[in-house]
Novice: 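I'd like to ask some things about the structure below.
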Amino acid sequence: IKGVVTLFGIPYQAKLRFYNSLTGQLIQEMLSDENTGEYMAIFYNNARIDLLVFNPDDLSIRYRAYGPIQPSEYDDLPINL
């Protein structure tokens, strides 16, 4: 799964957490690139995933949650915070 995180259309660094949609288990955590907002997460199976996007250092930014996502079924869309 790859994409770009933006805030008001500007690339933004955010924390992304990927969870197993059925069990709630945290699978992976990463930061989007601070200059481009880009991220890429590689998964070794096609299990459904829930994605949480947030900035733990700026509580004025709302959390965004997406899912369930089936990695093989969707084109990657930009995430706007």
Side-chain angles (χ1 to χ4, degrees):
I1 296 174
K2 64 180 179 175
V4 177
V5 178
T6 61
L7 180 63
F8 301 116
I10 299 169
Y12 185 76
Q13 184 176 47
K15 186 171 281 193
L16 297 101
R17 288 185 180 163
F18 299 88
Y19 296 91
N20 181 294
S21 193
L22 295 176
T23 67
Q25 178 183 8
L26 178 64
I27 299 171
Q28 189 172 356
E29 181 176 282
M30 65 175 44
L31 290 173
S32 59
D33 184 87
E34 65 182 306
N35 296 314
T36 65
E38 294 177 342
Y39 64 92
M40 184 185 317
I42 297 172
F43 302 98
Y44 296 101
N45 63 39
N46 204 27
R48 290 181 182 223
I49 294 169
D50 293 325
L51 170 59
L52 180 65
V53 183
F54 64 102
N55 183 340
D57 300 322
D58 186 352
L59 300 179
S60 69
I61 304 295
R62 294 185 296 164
Y63 284 39
R64 296 283 188 199
Y66 301 91
I69 301 167
Q70 188 83 34
S72 68
E73 292 182 357
Y74 298 100
D75 291 333
D76 299 318
L77 301 173
I79 294 175
N80 296 303
L81 292 179

Novice: If I take atom OG1 from residue Thr6 and atom OH from residue Tyr12, how far apart are they, to the nearest 0.5 angstrom?
Specialist: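 That separation rounds to 11.0 Å.
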
Novice: Looking at residues at least two apart in the chain, or sitting in another chain, which of them share a side chain to side chain contact (heavy atoms under 4.5 Å, CB included) with Leu22?
Specialist: Asn20

Novice: What pair of heavy atoms forms the shortest contact from Ser32 to Leu16, and how long is it?
Specialist: N-CD1, 3.6 Å

Novice: Is there a side-chain contact between Tyr44 and Ile27 (heavy atoms, below 4.5 Å)?
Specialist: no

Novice: Is it true that Leu26 and Leu52 fall in one hydrophobic cluster, defined by side-chain heavy atoms closer than 4.5 Å?
Specialist: yes

Novice: Can you measure from CG (Leu59) to CZ (Phe54) and round to the nearest 0.5 angstrom?
Specialist: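 With rounding to 0.5 Å, CG (Leu59) is 10.5 Å from CZ (Phe54).
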
Novice: In Å, rounded to the nearest 0.5 Å, how long is the span from NZ of Lys15 to CG of Leu31?
Specialist: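 CG of Leu31 is found 6.0 Å from NZ of Lys15.
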
Novice: Decide whether Phe8 and Ile61 are clustered together by the hydrophobic rule: side chain heavy atoms of Ile, Leu, Val, Met, Phe, Trp, Tyr closer than 4.5 Å, transitively.
Specialist: yes

Novice: To the nearest 0.5 Å, what is the distance between CD1 (Ile1) and OH (Tyr66)?
Specialist: 12.5 Å

Novice: How many angstroms lie between atom CG of Asp58 and atom CD of Gln13, to the nearest 0.5 angstrom?
Specialist: 12.5 Å

Novice: Can a side-chain donor-acceptor contact be found between Tyr63 and Asn55 if the only test is distance below 3.5 angstrom?
Specialist: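 Looking only at side-chain atoms, Tyr63 and Asn55 do not form any donor-acceptor pair under 3.5 Å.
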
Novice: Using the side chain to side chain contact (heavy atoms under 4.5 Å, CB included) criterion, which residues pair with Asp33? Sequence neighbours excluded.
Specialist: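 Asp33 satisfies side chain to side chain contact (heavy atoms under 4.5 Å, CB included) with Asn35, Thr36 once adjacent residues are dropped.
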
Novice: With sequence neighbours left out, write down each residue that passes side chain to side chain donor-acceptor pair (under 3.5 Å) with Glu29, or none if nothing qualifies.
Specialist: Arg17

Novice: Who pairs with Gln28 by side chain to side chain contact (heavy atoms under 4.5 Å, CB included), at least two apart in sequence or on another chain?
Specialist: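 Listed in chain order: Phe18, Met30, Ala41, Phe43.
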
Novice: In chain order, what residues pass the side chain to side chain donor-acceptor pair (under 3.5 Å) check against Ser21, with sequence neighbours excluded?
Specialist: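 So Ser21 forms a side chain to side chain donor-acceptor pair (under 3.5 Å) with Asp50.
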
